[in-house]
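Here is the structure we will look at, set down as structure tokens.
Just so we're on the same page: letters track the sequence lines, and every chain starts at 1.
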Protein chains: 2
Amino acid sequence: MTKPAKGAPVLPLDTVLPGDCIEVMNRLPEESVDLIFADPPYNLQLRGDLHRPDNSRVDAVDDHWDQFDSFAAYDAFTRDWLKAARRILKPNGAIWVIGSYHNVFRLGAELQNQGFWILNDVVWRKSNPMPNFRGKRLTNAHETLIWASKSEGAKYTFNYEALKALNEGIQMRSDWVLPICTGHERLKDGRGDKAHPTQKPESLLHRVLVGTTNPGDVVLDPFFGTGTTGAVAKMLGRNYIGIERETTYRDLAARRLSRVRKLDAEALTVTASKRAAPRVPFGQLVERGLLRPGEVLTSPRGKTARVRADGTLVGEDVKGSIHQVGAAFEGAPSCNGWTYWHFRRDGKTVPIDRLRQQIRDEMADRPN
Amino acid sequence: MTKPAKGAPVLPLDTVLPGDCIEVMNRLPEESVDLIFADPPYNLQLRGDLHRPDNSRVDAVDDHWDQFDSFAAYDAFTRDWLKAARRILKPNGAIWVIGSYHNVFRLGAELQNQGFWILNDVVWRKSNPMPNFRGKRLTNAHETLIWASKSEGAKYTFNYEALKALNEGIQMRSDWVLPICTGHERLKDGRGDKAHPTQKPESLLHRVLVGTTNPGDVVLDPFFGTGTTGAVAKMLGRNYIGIERETTYRDLAARRLSRVRKLDAEALTVTASKRAAPRVPFGQLVERGLLRPGEVLTSPRGKTARVRADGTLVGEDVKGSIHQVGAAFEGAPSCNGWTYWHFRRDGKTVPIDRLRQQIRDEMADRPN
DNA sequence: AGCTCGAATGAATCGTCCC
DNA sequence: GGGGACGATTCATTCGAGC
């Protein structure tokens, strides 16, 4: 670890520092931090209210700290805090930033402009995202993290084997499926509402810190919020430094951190869960060209239906999913379309389930 | 479709145009294209001093098609081709770009700078990516697409129900699991090697075009390569315009396209949105005797209102349309009266929307 | 205690038409 | 173009009430 020169500022470990993150970082000794994890404001630019189909109102992120006047203002802010972060980062240190499409392109471009060297972009695929209530866009089901070293050629920390172990013996990929932060983990305010609008799940920080830091490293989070980075760092035996402007969040973080205990090595072992057979939408067979739009499927009793480009079927007087059309043909309340429908290949009649199995086999070879 | 003014350039449909995409786009009529799909060079071999601004023009790109002197040169190139693309895009048109972490942050930022309005970023999660052989980083298992309208508030095309059908009845998410282009689909050169280094899978384009264009739309691809965009567009009954500088790729694309057949109309028909269904005034239910004046309707929470002869409702202290009275009862800004109100028949509680569906079915049987 | 069912909720750039 | 009316639209998970 770099030792500060005589008279130089000292690195305050395992504390939450109040104030603006740029000013606070500028008072810290240069090249003293191993990892920076930053979850900056996203600049969401929300307009009106949004309601669910049941008319309940969506609790939006309308906090003052997420408001910027323009892209130029947001870029200036990004430039300044990244520059301050860069100064305190050790030469072989690394940085993680997280964002959504609202801000992540500006984050990534500025990282590159300042000479950071992007190692991976990582997609946090949310297993339970909020749906798109109006049906006007795709479900916004992921956020993006960028992992970068301080410069090209720097010797960053990467615990390849640890991440491989976390992933059941297979090399960790750049897409991580993790649930959003809910339930007991989600900090509440006095009235039982969420204490912070954008609290990140500890599982996400767990993977980041296990994969790219070592025990004893110093991890700094300039947008500390309610302290998820600190909580996981402490648990994993890393040192943390949090910076947070809002008193409310700082107090919550301090209380939270006081309750966290460092895990012993044995407790850090993760139990792997068996995953169920992945769901394969019928439409994927069409997209992948395993079945052509217009192709005729037959039922065991000789009924026929044609495949459409969106993965629905059209039979006589009926259209819908493979299950719906099958059920209608049989006059049954339900029907497993996968085993009901067949197609012809090389003179043989084959159930479409064979094609689903083919896709599942591909996924099993290279799971996650 | 916008008709070109007398003497204005004509839109060449279903062809592959030779030349530099910026020059070629600048010769096309403005506001004439419905969708642009762009897979620009990835700038994979970045080197050089990032602090030395390189003001060289796009033409300064050297012999290798994916090499640029610096981020500045890449940004200038991005700015120029996006500007040309923007000019030929219809006001309600949209653009897709695809990239990796090497270039996508610069693409996204420049899209925003030019006034494009990002609708989603989409992660193409590769089910069979190339592993990271040296174990120094995460497996780079995805690429990023950005979907943007020409401006905020523009009426872009989004076939919500078709994508939902492709995904077995659950709304499509922003992460798409699709295999990379291999096997028969991968075009080979004379020696049996891959003909193009970054050929995209047709499944990816299938989802893009089914979801965000309609049959007959004009789809332009300024970096056409071996013509995946054109092949899927032709198959799906969309018109394509490809631009490609390299003769080799153009020839391969032309041969490929000549073999593609357009699907028949039925296969192209896609599950439609309810928004397209004919409007049925509530009063028509009363006129037709499906509901009697004076009849009592109930809400899910037990509120009641009575039907009047003119198709309005009267509740306690409120009268007006089914929507207005529902909204007033719920204290909500708006309410869909069709799903909110129920009536009783044969001892069962039925939403009035059932009656509207009955009328719509009759209209479909005997269209007028 | 165990089960079922309903309510609540999450970083969201979430209408369209007609007058 | 502004304002008002119509009316389209949700997935996974957790927690608590009620039985």
Query raised in the report: Distance check: side-chain N/O of A/K194 vs OP1/OP2 of C/dG10, anything under 4.0 Å?
Result: yes

Query raised in the report: Can you tell me if the side-chain N/O atoms of B/H323 get under 4.0 Å from OP1 or OP2 in D/dA5?
Result: no

Query - Paired nucleotide for D/dA8 [Watson-Crick or G-U wobble; both distances under 3.5 Å] - result: none

Query raised in the report: Taking the same atom, C1', in D/dG1 and in C/dT16, what whole-Å distance lies between them?
Result: 15 Å

Query raised in the report: Taking the side chain of A/N128 as its heavy atoms from C-beta onward, which of C/dT9, C/dC14, D/dA12 lies nearest to it?
Result: D/dA12

Query - Polar side-chain contact A/N140-C/dA12 base: donor and acceptor under 3.5 Å - result: no

Query raised in the report: What is the nucleic acid contact for B/L119, judged by heavy atoms within less than 4.0 Å: base, sugar-phosphate only, or nothing?
Result: nothing

Query raised in the report: Below 3.5 Å, does any donor atom in the side chain of A/R134 face an acceptor in the base of D/dT10, or the other way round?
Result: no

Requested in this report: Go through the N and O atoms of the side chain of B/S334 and the base of D/dG7, and report whether any donor-acceptor pair is under 3.5 Å.
Outcome: yes

Query raised in the report: Counting any heavy atom closer than 4.0 Å, what does A/N55 reach on the DNA or RNA strands: base, sugar-phosphate only, or nothing?
Result: nothing

Query raised in the report: OP1 or OP2 of D/dT13 sitting under 4.0 Å from any side-chain N/O of A/K126?
Result: no

Report task. Please check the phosphate of D/dT14 (OP1 and OP2 only) for any side-chain N or O of A/T182 closer than 4.0 Å. Result -> no

Query raised in the report: Choosing from C/dA11, C/dG10, C/dC14, which nucleotide comes nearest the side chain of A/R52?
Result: C/dG10

Requested in this report: Determine, using ring centers only, whether B/W341 and B/F282 are less than 6.0 Å apart.
Outcome: no

